[in-house]
Structure formats: structure tokens, C-alpha cells
Amino acid sequence: MSIGSTVFRSTNLKAEPVSFEQALLKGIAPDGGLYMPVDIPRFTSDEILSFSSAPYYEIAFAVGKKFFGGEIPDAELMRIVKDAYNYEVPLEKVYDNKFVMRLDRGPTASFKDFAARMMGRLMHYFLKRRSGKLVILTATSGDTGSAIANAFYGLDNIEVVVLFPEKEVTARQRKQMTTLGKNVRILALNGKFDDCQALVKRAFADPELDYMNLSSANSINIGRLIPQTVYYFYGFAKLRDGKPDDDVIFSVPSGNFGDLCGGLIAKRMGLPVKKFVVATNENDEFPNFVDSGNYEKLEPSRNCISSAMNVGHPSNIPRLVALFGGNMDEKGDIHKQPDMDALRKDIYSVSIDDKETEKTISDAWEKHRLLLEPHGSVGWAGLQHYIENSDVAPGQLCVSLETAHPAKFPDKIREILSFDPELPPSLEGLDEKIEMFGNLNHDYDEFKLWLKEKFR
Ligand SMILES: *Cc1c(COP(=O)(O)O)cnc(C)c1O
């Protein structure tokens with residue numbers, strides 16, 4: 001293996017190992033598994049130290065170079081990271097050494113921008129080189145669709161189709177997708193999120209659509225995961241106080257566990273993370289797994305106010321299991337138990353119900369003037385649980401991730417805090433823009449016909 005050319009292997013272990021470019025453009029492995037790096041590259045502590053004075057994009061460059069620097073020229077990678085990360089990453093002090101990292105300043109105001117913008121640009125680069133074209137097909141319950149649509153907007157060799165459940169996304173979420181146009185096509189489905197997902201899955205498996213080169217952009221793509229290691233390095237580098245044995249606790253509000261997998265990989269790359277607090281909403285299959293060692297997915301998933309985390313069987317769980325030496329297939333069956341002691345050493349997991357999520361939004365504002373939305377509130381509440389139930393030293397650096405902007409959830413904030421959160425520039429003017437989208441019944445033949453007409 002040469003430097004900067006990581007090999008990726010499927011978690012199901014039955015497919016050929018591939019390069020980063022292949023893993024990125026394929027999405028899912030042919031055996032149904034998820035691609036993971038065979039060897040995780042490491043940073044020296046001096047390299048991590050040097051990030052303290054680096055802008056965000058330079059850390060993204062360093063991470064990209066470690067994983068796939070052998071597949072893309074430096075100048076090209078630098079151009080991509082500078083273009084993708086042109087917004088702020090605020091670190092807000094709450095009390096003592098406890099911080100919230102706001103990952104909500106991208107164009108669609110959720111942390112999904114970090115991954116989507118990098119993945120879109122990388123796909124565009126690799127496709128151009130092989131004169132290829134792709135159609136990205138995505139089902140969304142809200143944030144993914146808008147992040148993907150914005151990230152791929154205007155890329156000349158990629159077409160985007162997003163399916164969303166007509167009645168399950170907020171007006172603001174819908175407008176973030178439907179006001180773009182160009183290469184972005186949006187379909188409102190008369191059905192539920194699961195129905196959208198089912199249509200998309202069928203299209204991927206349909207040989208008659210092979211000629212279109214359909215690809216997926218959801219969090220199973222390794223191209224989304226690697227960019228999600230970067231903000232962990234960034235948060236630590238900016239907040240560490242310089243002692244050689246510095247370390248950090250991160251709290252991660254989790255749904256499909258892509259965010260968390262980014263953090264776990266960052267730790268394997270050398271980042272001194274003492275603990276990950278993995279906070280879920282009432283979908284508590286993972287905290288139960290950490291407790292008991294038995295994994296049982298939840299079907300159907302539970303509806304909570306942190307809607308982007310309403311996941312009963314997180315798609316990245318096989319990756320997490322693989323990181324701890326185990327093996328799990330895409331259905332959630334464990335073929336080899338991971339090292340649960342090692343897992344519990346790195347991870348503390350807790351489920352936060354809606355009542356506590358709301359109370360935390362209220363308390364955080366009253367006590368600290370900290371404005372949280374439901375997802376970040378689950379993370380912050382999880383961190384408080386951990387601090388109360390373990391011997392965390394008073395000055396310990398802790399960083400809780402805020403994964404969306406409060407202005408994406410104006411009704412909830414108004415209900416709890418009685419004011420309207422200020423709109424970030426990215427969401428301004430959205431209400432007046434013109435929407436364009438098609439309507440679709442939950443009918444595969446109708447969907448297929450539509451695809452074949454659009455992409456001949
Ligand atoms: C997607 C999402 C999450 C969950 O992230 P995962 O990587 O799926 O665990 C949390 N918060 C917000 C706002 C999201 O959009």
C-alpha cells in the first residue's frame with residue numbers, strides 16, 4: 001500500500017477490496033456490506049498539535065491526504081476543501097471547560113453539509129477524470145435531501161433526484177430542496193419515509209436502470225464518513241490547553257451513527273478522545289446493546305421531536321461493530337460479537353426521551369443562555385448524564401455537538417422558549433423563493449417510468 005492510498009473492504013467480507021475512488025462511486029459494496037478502511041492511517045501527536053493554528057479546510061486537507069492523497073493531486077484536493085468549507089464552525093463556551101460545537105453554519109444549516117459538500121466535489125472530480133456520469137437517488141426525511149441537493153447543485157456530471165414524504169417534512173426543509181432547480185429534481189411522495197426508501201431501493205436493484213449509473217448519497221457512503229472525522233480534530237485542536245496528556249470527551253446526538261463513526265475513526269487516527277457519549281432519543285436499541293451485549297433493532301422506529309434521529313436500526317452499526325473486532329450484516333444479525341469491554345471503554349450511551357429533550361432546551365437557555373434545538377439538546381442532556389454518573393474531573397474538556405440550527409425548528413423553540421430563533425443567512429429569503437417539485441404515488445412502475453423519461 002502506498003502512502004495516501006487506503007484500501008477499503010466490505011463489512012460483509014465477501015466483496016473485493018477497492019480503492020477510495022471505487023468505494024466512493026459505488027456507495028454500497030456488491031455483497032451488501034459497508035466499506036471500511038482496512039488500515040486506518042494515523043497522525044503523529046505533532047501533526048495533531050499543528051492543527052491548533054490551522055483553518056478548518058487545512059485539517060480537512062490533511063485528513064483527505066492520509067486516506068486518498070495517492071488518488072488525487074494536492075492542488076485539486078486543496079481546491080475542493082477550500083470550496084467545501086467556506087463557513088464558520090463556532091465553538092461556544094457554556095461553563096467551565098464545557099463547549100458546544102455548532103455544526104450548523106453550512107448552506108442547509110445541518111451538520112450533514114460537512115459530509116455532503118465534500119462528497120459531492122470528490123464525486124465530481126473522479127467522474128470528470130473518467131468522463132462518467134451519475135444519477136444520485138436519495139430518500140429523505142428532511143435534512144439529508146436538502147444537504148445533498150445543495151451540495152450537488154450545479155455539478156455538471158451528476159443529476160440528483162430526491163424523494164420526500166409529502167406530509168413528513170417541514171415547509172422550511174422542503175423549500176431548501178425545491179427552490180434550487182438545474183440538475184436537482186425533487187419528488188413529493190404520497191406516502192411515508194419508508195415508502196420513499198423502498199422505491200429508491202427497488203430502483204437500485206433494477207437491472208433495467210443500470211444504464212443510468214444510479215448511486216446513493218446516504219450515510220452508508222464512505223465518502224460521507226471520512227469528512228466527518230475532521231471536526232473532531234478541529235474541536236480538540238482549538239480547545240486543548242496545551243498539556244501533553246490533554247484529552248477530550250465528545251457527546252454525539254446519534255441516529256444512523258455516521259457522525260459517531262467519524263469520531264471513532266478520528267480516535268483510531270490518534271485523536272486523544274477519552275470517551276464518546278452516544279446520546280439517542282427514545283430509539284434506544286444502541287444504549288440497550290451497550291448495556292446487555294444483545295442487539296435488537298426497533299421496528300417500527302419511534303417518533304420523537306429530534307426527527308432526524310428516529311432510527312430503529314442505524315445503518316452504520318455494522319461499521320461500529322467492525323471497529324471493535326466484531327461482524328454484523330446489514331440486517332442486524334451479529335456473526336461475531338465485538339469486544340464489548342473495549343467498546344464500553346470508549347463509549348457511554350444513553351437514551352433521552354422527548355420530555356427531557358424539551359426540559360434541556362429550557363434549562364440550557366435559563367441557566368447558560370445556550371440555545372439548542374432538539375437534536376443538540378439530546379447530545380447536551382447525554383453529556384450531563386455522563387458527568388453526573390461518572391468521575392469526570394471538573395476541568396475536563398467536553399464538547400457536545402449541535403447538529404442543526406435552531407431556526408430549522410422554529411415551532412418547537414417558540415413553544416418552549418416563547419421566542420423565534422434568529423434566521424442564519426443561509427435560511428434567509430427562503431420563504432419567498434419559488435418551489436418546483438413533482439408529485440408521485442407510492443407506485444414503483446410510475447417512478448420507474450418517470451426516471452426513464454428524465455434520463456434516457
Ligand atoms: C442526521 C442528523 C443526526 C444524526 O446523525 P447520524 O450520523 O445519522 O447519527 C443528528 N442531528 C441532525 C440534525 C441530523 O440531521
Side-chain angles (χ1 to χ4, degrees), residues 34 100-117 119 138-151 164 168-170 172-173 176-177 193 197 217-232 250-266 276-287 301 304-320 347 349 351-352 357 361 372-382 400-409 412-413 421 424 426-427:
L34 309 179
V100 161
M101 178 156 57
R102 295 202 180 267
L103 303 173
D104 59 359
R105 301 297 152 99
T108 70
S110 94
F111 91 103
K112 292 195 168 67
D113 287 326
F114 283 83
R117 287 172 69 77
M119 179 169 75
T138 291
T140 187
S141 55
D143 290 335
T144 297
S146 56
I148 294 294
N150 275 271
F164 74 89
E168 290 178 15
V169 309
T170 67
R172 220 164 249 174
Q173 282 177 321
Q176 285 183 303
M177 307 184 269
F193 170 68
Q197 188 83 17
N218 65 23
S219 68
I220 55 164
N221 195 308
I222 190 73
R224 264 181 74 174
L225 217 60
I226 291 172
Q228 289 177 171
T229 62
V230 177
Y231 41 77
Y232 291 94
F250 280 107
S251 184
V252 189
S254 293
N256 268 318
F257 287 72
D259 198 353
L260 177 70
C261 280
L264 291 170
I265 292 173
F276 289 98
V277 176
V278 180
T280 69
N281 60 22
E282 291 165 36
N283 291 281
D284 57 0
E285 67 286 346
F286 186 72
S301 58
C304 297
I305 56 171
S306 46
S307 54
M309 307 191 325
N310 292 339
V311 183
H313 175 43
S315 54
N316 280 294
I317 288 273
R319 282 195 167 115
L320 186 142
I347 290 174
S349 189
S351 158
I352 307 292
T357 306
I361 292 177
L372 296 170
E373 54 70 57
H375 306 82
S377 171
V378 168
W380 182 251
S400 190
L401 308 190
E402 176 48 288
T403 46
H405 196 286
K408 283 192 113 171
F409 304 89
K412 208 70 233 167
I413 304 294
S426 60
L427 297 180

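Just so it is clear, the structure is predicted and the values come from calculations on it, not from any experiment. Atoms within a ligand are numbered from 1 in the order they appear, just like the ligands themselves.
- When heavy-atom distances to ligand 1 are checked against a 4.0 Å cut-off, E373 has no atom that comes that close, whether in backbone or side chain.
- The side-chain heavy atoms of T140 and M177, taken from C-beta on, include a pair separated by under 4.5 Å.
- When only interatomic distances are considered, the shortest N/O to N/O separation between A404 and ligand 1 does not fall below 3.5 Å.
- Every atom of ligand 1 with a heavy atom of F111 under 4.0 Å away is listed here by number and element: 1 (C), 2 (C), 3 (C), 5 (O), 7 (O), 14 (C).
- The existence of a salt bridge linking D104 and K408 is excluded, since no basic side-chain nitrogen approaches an acidic carboxylate oxygen closer than 4.0 Å.
- Note: an N/O pair closer than 3.5 Å links G258 and ligand 1 by distance alone.
- Looking only at side-chain heavy atoms (C-beta outward), N281 and T357 stay at 4.5 Å or farther from each other.
- Counting heavy atoms from C-beta on, the side chains of Q176 and V169 never come closer than 4.5 Å.
- Ranking the protein heavy atoms by distance from atom 11 (N) of ligand 1 puts T403 OG1, 2.7 Å first.
- The distance criterion of under 3.5 Å between nitrogen or oxygen atoms is not met by H375 with respect to ligand 1.
- Under the 30°/60° scheme for interplanar angles, the aromatic rings of F409 and H375 are found to be tilted.
- Checking side-chain atoms of T229 against main-chain N and O of G263 turns up no donor-acceptor pair under 3.5 Å.
- Ligand 1 places these atoms under 4.0 Å from at least one heavy atom of K112: 1 (C), 2 (C), 3 (C), 14 (C), 15 (O).
- At under 3.5 Å, a nitrogen or oxygen of N256, whether backbone or side chain, sits near a nitrogen or oxygen of ligand 1.
- In this structure, the side chains of T144 and F164 stay at 4.5 Å or more apart for every pair of heavy atoms.
- Those atoms of ligand 1 with a heavy atom of D259 less than 4.0 angstrom away are 7 (O).
- No N or O atom of Q228 sits closer than 3.5 Å to an N or O atom of ligand 1.
- Among all protein heavy atoms, the one lying closest to atom 4 (C) of ligand 1 is G255 N, 3.7 Å.
- Under 3.5 Å, the side chains of N316 and R319 contain a donor-acceptor pair of N or O atoms.
- Under a 4.0 Å criterion applied to the non-hydrogen atoms of D143, ligand 1 contributes the atoms 13 (C), 14 (C), 15 (O).
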